[in-house]
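Counting from 1, the numbers follow the sequence of the chain as shown.
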Amino acid sequence: MNLLLLVRAYQVNGHMKANLDPLGLEQREIPEDLDLALYGFTEADLDREFFLGVWQMSGFMSENRPVQTLRSILARLQQAYCGSIGFEYMHIADRDKCNWLREKIETPTPWRYNRERREVILDRLAWSTQFENFLATKWTTAKRFGLEGGESLIPGMKEMFDRAADLGVESIVIGMSHRGRLNVLGNVVRKPLRQIFSEFSGGIRPVDEVGYTGTGDVKYHLGTSYDRPTRGGKKIHLSLVANPSHLEAADSVVVGKTRAKQYYSKDMDRTKNLGILIHGDGSFAGQGVVYETLHLSALPNYTTGGTIHIVVNNQVAFTTDPRAGRSSQYCTDVAKALSAPIFHVNGDDVEAVVHACELAAEWRQTFHSDVVVDLVCYRRFGHNEIDEPSFTQPKMYKVIKNHPSTLQIYHKKLLECGEISQQDIDRIQEKVNTILSEEFVASKDYLSKKRDWLSTNWAGFKSPEQISRVRNTGVKPEILKTVGKAISSLPENFKPHRAVKKVYEQRAQMIETGEGIDWALAEALALATLVVEGNHVRLSGQDVERGTFSHRHSVLHDQETGEEYCPLDHLVMNQDPEMFTVSNSSLSEFGVLGFELGYSMESPNSLVLWEAQFGDFANGAQVIFDQFISSGEAKWLRQTGLVVLLPHGYDGQGPEHSSARLERYLQMSDDNPYVIPDMEPTMRKQIQECNWQIVNATTPANYFHVLRRQIHRDFRKPLIVMAPKNLLRHKDCKSNLSEFDDVQGHPGFDKQGTRFKRLIKDQNDHSDLEEGIRRLVLCSGKVYYELDDERKKVGASDVAICRVEQLCPFPYDLIQRELKRYPNAEIVWCQEEAMNMGAFSYITPRLWTAMRSLGRGDMEDIKYVGRGPSAATATGFYTFHVKEQAELVHKAIGKESIS
């Protein structure tokens with residue numbers, strides 16, 4: 001029994017005694033339960049023979065192992081658990097998984113690679129090492145965030161990919177930060193070395209489409225993709241996603257892109273498409289998005305069948321020691337929450353690294369869950385090559401200065417065992433150096449092409465330089481009726497909640513009469529018609545199935561059986577269950593929005609939407625907005641049609657539930673406020689040339705058209721929607737079905753068909769010239785309905801109210817049309833938000849530009865009506881909110897002059 005306890009102690013804590021630190025600096029306390037004396041054994045017992053045989057256990061405890069001496073059992077325990085790999089897996093509650101790992105770890109004899117495999121490993125390690133040496137020689141002062149000290153990552157990754165391909169993987173999506181990225185790009189993903197060298201020499205902007213080159217990005221942020229042959233004779237598609245300097249920000253983007261690949265390749269078993277994330281030790285322990293991403297791993301609509309995580313563990317984060325950077329023993333302890341096995345491996349033992357990486361690939365393909373390889377290495381230079389690390393880690397860098405490279409250590413090992421000669425080593429080194437030199441010469445004439453960055457799925461989609469005509473987004477009336485009936489019908493034996501049943505009965509009535517269509521039904525019609533047209537639609541976020549405001553009810557629950565029913569899953573015969581996906585997400589913004597962004601970037605033939613529970617909660621995902629959505633196309637030439645729904649509107653719910661921070665998105669817009677672009681309908685490229693679109697729609701029909709517009713065009717652009725709250729049930733916020741169709745003569749139809757209205761003119765029957773209107777109030781969003789009510793109440797027929805539905809890019813042509821219509825009107829911008837928030841700062845210079853070109857006054861002639869400047873978005877007192885709202889509405893419509 002005591003011997004069984006000893007074996008278990010090694011299984012649980014053997015990693016604490018493993019030889020993991022290549023520098024030998026780490027001082028770890030060896031657990032006392034690895035001490036023989038604790039179990040009553042002495043030196044005299046070492047040569048006693050024991051039989052270990054336990055039913056339903058694998059490895060040393062399996063029934064078929066022979067009788068052994070305590071000495072030999074102890075030797076194999078030490079070899080298995082205390083060598084260059086430390087295995088952590090006993091936190092996993094599943095016996096089958098633990099037994100599988102024991103079979104792999106507790107082999108009768110230690111694993112060993114043959115000569116042929118060792119030569120391959122040597123070649124890959126030589127490429128990894130000499131690549132960094134070459135860059136260091138040619139560009140001595142350039143930042144490259146090299147892999148020196150962790151070079152074994154490259155052979156480890158390559159062997160992992162080879163093994164994964166043997167086990168059925170066809171495509172791998174990789175996400176990583178800057179350390180070692182150039183090495184991975186060149187040696188793993190096979191980005192042309194001449195292109196990497198060209199970028200070091202200053203680079204050249206892509207040449208095949210003048211103007212569509214964006215701002216570009218530093219070389220260690222760029223992504224690429226490549227079809228790579230494997231050692232086993234297969235081909236595997238590799239794509240490395242572009243990333244910002246924000247460590248770990250790309251994690252969930254990779255997972256989302258992987259999930260999308262699985263959908264489009266019909267990989268229902270999730271065995272052909274794999275996500276691999278390469279982390280740093282400081283960021284894996286410190287960044288919250290790591291935990292958010294890990295916790296998506298087993299959720300039905302987010303799982304990818306397991307991600308392989310590799311932590312490049314420098315044992316220092318920039319200048320911060322581990323003791324100041326985390327509270328746990330290992331930087332990987334966060335992964336234990338997922339019951340993921342963790343393989344800690346000494347980066348100087350390249351064969352151990354390869355073995356751990358292969359084992360990780362086997363685990364993922366067997367159990368379809370996450371696994372972690374903790375590559376314990378070091379950083380030969382500072383955080384970057386021009387940094388001085390001895391300021392903060394003098395002891396470590398004194399050891400590193402005299403420490404041989406992983407390649408030198410491997411050379412010595414191979415020469416000692418006699419399997420590979422010095423001539424073999426010299427031949428490999430000479431080959432690598434020759435190719436590097438040839439590629440360097442070729443780099444001087446290298447011209448970058450757009451296709452080096454853009455994905456093949458997007459072939460035929462237009463750049464901002466190419467004109468994409470505006471398309472009709474209306475739908476044939478008979479299709480609207482058919483689809484409308486499908487999404488408002490429930491199975492006969494289904495028993496929904498009585499309140500939900502009433503909602504669906506009302507929807508059926510709306511479709512039948514063609515009148516009174518509300519926001520939720522308009523959205524359902526937009527999504528359903530896109531699905532019927534063959535597009536994949538995915539909507540996710542917190543509580544989106546029901547909707548935060550209990551308006552959507554896209555998934556119904558039988559009140560007796562608990563069975564779920566989603567009407568949009570039953571639009572066409574034999575509909576793919578994932579063709580329309582609506583899914584409540586985990587309580588995460590950063591991780592989930594990143595996931596949906598990655599998902600949207602895989603294919604243009606999908607409408608991917610993410611909804612915040614309240615608009616202001618989106619600031620939990622600010623990194624994704626700043627580094628990816630607003631600037632990704634400019635930096636990396638990657639288009640996305642992602643839709644972000646942000647509930648927004650002042651209705652007395654306090655500072656945290658009023659504002660979606662509209663001003664932040666407008667401030668990040670890149671349209672020039674002082675230049676009116678070509679607005680002629682057949683020549684207009686305004687949206688294409690802008691980084692994103694921001695709308696605040698006020699009618700269900702306009703919302704319907706803006707969603708459909710995302711798909712019915714030849715380019716993709718992110719769409720930020722200030723989604724309504726009280727308009728969801730507002731008596732006047734209704735549309736007729738005739739506004740959704742494509743019938744000539746129906747409301748909304750013009751010479752170009754039925755489309756999204758960027759501006760809605762005054763709803764009174766005004767002619768093209770109205771000289772008697774004293775005030776033109778421009779507004780956006782639900783404040784329009786309050787302004788209109790006030791106008792009716794006081795009979796202010798000399799006030800015109802126009803709604804700016806698309807704020808960005810600014811509808812100069814339509815604004816000028818209204819300015820001409822009301823030549824004598826005072827011009828007012830009215831908003832609910834505080835003066836330092838909302839659209840005021842964005843609108844003012846653009847409105848002035850539109851006025852200036854018509855000779856209509858100066859900036860001072862734009863009058864502001866709204867709340868005054870404020871630190872908080874809104875008051876927490878409902879009565880004060882009502883008073884403020886009434887005052888601003890009265891001021892906008894009243895006869896008093898506005899100062």
Side-chain angles (χ1 to χ4, degrees), residues 22-23 125 127-136 139 141-158 160 174-189 191 196 199-200 217-224 240-251 254 276-287 289-290 308-322 325-326 331-332 345 347-348 350 353 357 372-389 392-393 396-397 400 403 405-406 627:
L23 303 177
L125 185 59
W127 270 106
S128 174
T129 306
Q130 288 168 239
F131 174 83
E132 297 293 356
N133 293 344
F134 188 83
L135 294 182
W139 295 277
T141 58
K143 276 189 194 179
R144 56 189 164 81
F145 298 96
L147 196 53
E148 290 96 339
E151 296 96 338
S152 57
L153 171 70
I154 301 303
M157 285 183 74
K158 286 183 157 187
M160 176 187 284
I174 309 164
M176 69 181 298
S177 55
H178 35 275
R179 168 129 157 92
R181 187 182 182 92
L182 294 175
N183 210 321
V184 169
L185 276 167
N187 285 320
V188 179
V189 190
K191 180 175 181 176
I196 294 173
E199 289 161 0
F200 263 101
D217 201 350
V218 291
K219 51 197 164 289
Y220 41 81
H221 286 172
L222 301 176
T224 195
L240 177 63
V241 303
N243 76 291
S245 278
H246 293 63
L247 301 177
E248 309 295 344
D251 289 359
V254 167
I276 291 184
L277 293 173
I278 301 169
H279 311 268
D281 50 324
S283 59
F284 196 71
Q287 290 290 315
V289 72
V290 172
I308 299 177
H309 304 268
I310 304 173
V311 180
V312 180
N313 186 347
N314 302 317
Q315 306 184 77
V316 60
F318 202 157
T319 66
T320 304
D321 287 323
R326 63 174 185 264
C331 61
T332 53
V345 57
D348 265 356
V350 67
V353 172
C357 287
V372 181
V373 177
D374 177 21
L375 179 66
V376 185
C377 52
Y378 58 93
R379 201 178 58 201
R380 188 165 288 279
F381 303 109
H383 175 64
N384 60 61
E385 289 67 29
I386 52 179
D387 199 45
E388 177 47 73
T392 50
Q393 278 78 30
M396 174 184 273
Y397 277 87
I400 289 173
H403 190 74
S405 71
T406 307
Q627 315 314 128

Please check this pair: side chain of [X] against backbone of [Y], looking for a donor-acceptor N/O pair closer than 3.5 Å.
X: Arg179; Y: Gly146; answer: yes
X: Asn313; Y: Asp281; answer: no
X: Glu148; Y: Arg379; answer: no
X: Glu132; Y: Gln130; answer: no
X: Asp251; Y: Val290; answer: no

Do [X] and [Y] have side chains that approach each other closer than 4.5 Å (heavy atoms only, starting at C-beta)?
X: Asn314; Y: Cys377; result: yes
X: Phe131; Y: Asn187; result: yes
X: Ile310; Y: Met176; result: no
X: Met157; Y: Ile278; result: yes

- Task: Show the numbers, then the answer: is there a side-chain contact (heavy atoms from CB on, under 4.5 Å) between Val184 and Ile154?
- Result: CA-CA 7 Å; Val184 169; Ile154 301 303; 3.8 Å; yes
For [X] versus [Y], what's the shortest heavy-atom pair and its separation?
X: Ser152; Y: Val350; answer: CB-CG2, 3.9 Å
X: Ser283; Y: Leu247; answer: CB-CB, 3.7 Å
X: Cys357; Y: Gly156; answer: CB-O, 3.3 Å
X: Arg326; Y: Ala285; answer: CB-CB, 4.0 Å
X: Phe284; Y: Glu248; answer: N-OE2, 3.7 Å
X: Ala250; Y: Asn243; answer: CB-CB, 4.0 Å

- Assess whether side-chain contact (heavy atoms from CB on, under 4.5 Å) is satisfied between Asp348 and His403, documenting all intermediate values. CA-CA 10 Å; Asp348 265 356; His403 190 74; 2.6 Å; yes
Nearest 0.5 Å, what's the [atom1]-[atom2] distance between [X] and [Y]?
X: Ser177; Y: His279; atom1: OG; atom2: NE2; result: 9.5 Å
X: Asp374; Y: Thr332; atom1: CG; atom2: OG1; result: 5.0 Å
X: Leu153; Y: Ser128; atom1: CG; atom2: OG; result: 7.0 Å

- Message: What verdict does the side-chain contact (heavy atoms from CB on, under 4.5 Å) test give for Met160 and Ile276, after you've listed the backbone C-alpha separation in whole Å, the side-chain angles of each residue and the deciding distance to 0.1 Å?
- Response: CA-CA 10 Å; Met160 176 187 284; Ile276 291 184; 3.6 Å; yes
- Query: Looking only at side chains, do Glu151 and Thr129 share a donor and an acceptor under 3.5 Å apart?
  - Reply: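 Side-chain D/A pair, Glu151 to Thr129: absent.
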- Would Met396 and Gln315 count as a side-chain contact (heavy atoms from CB on, under 4.5 Å) if you check the C-alpha gap in whole Å, the side-chain angles of each, and the deciding distance to 0.1 Å? CA-CA 10 Å; Met396 174 184 273; Gln315 306 184 77; 4.1 Å; yes
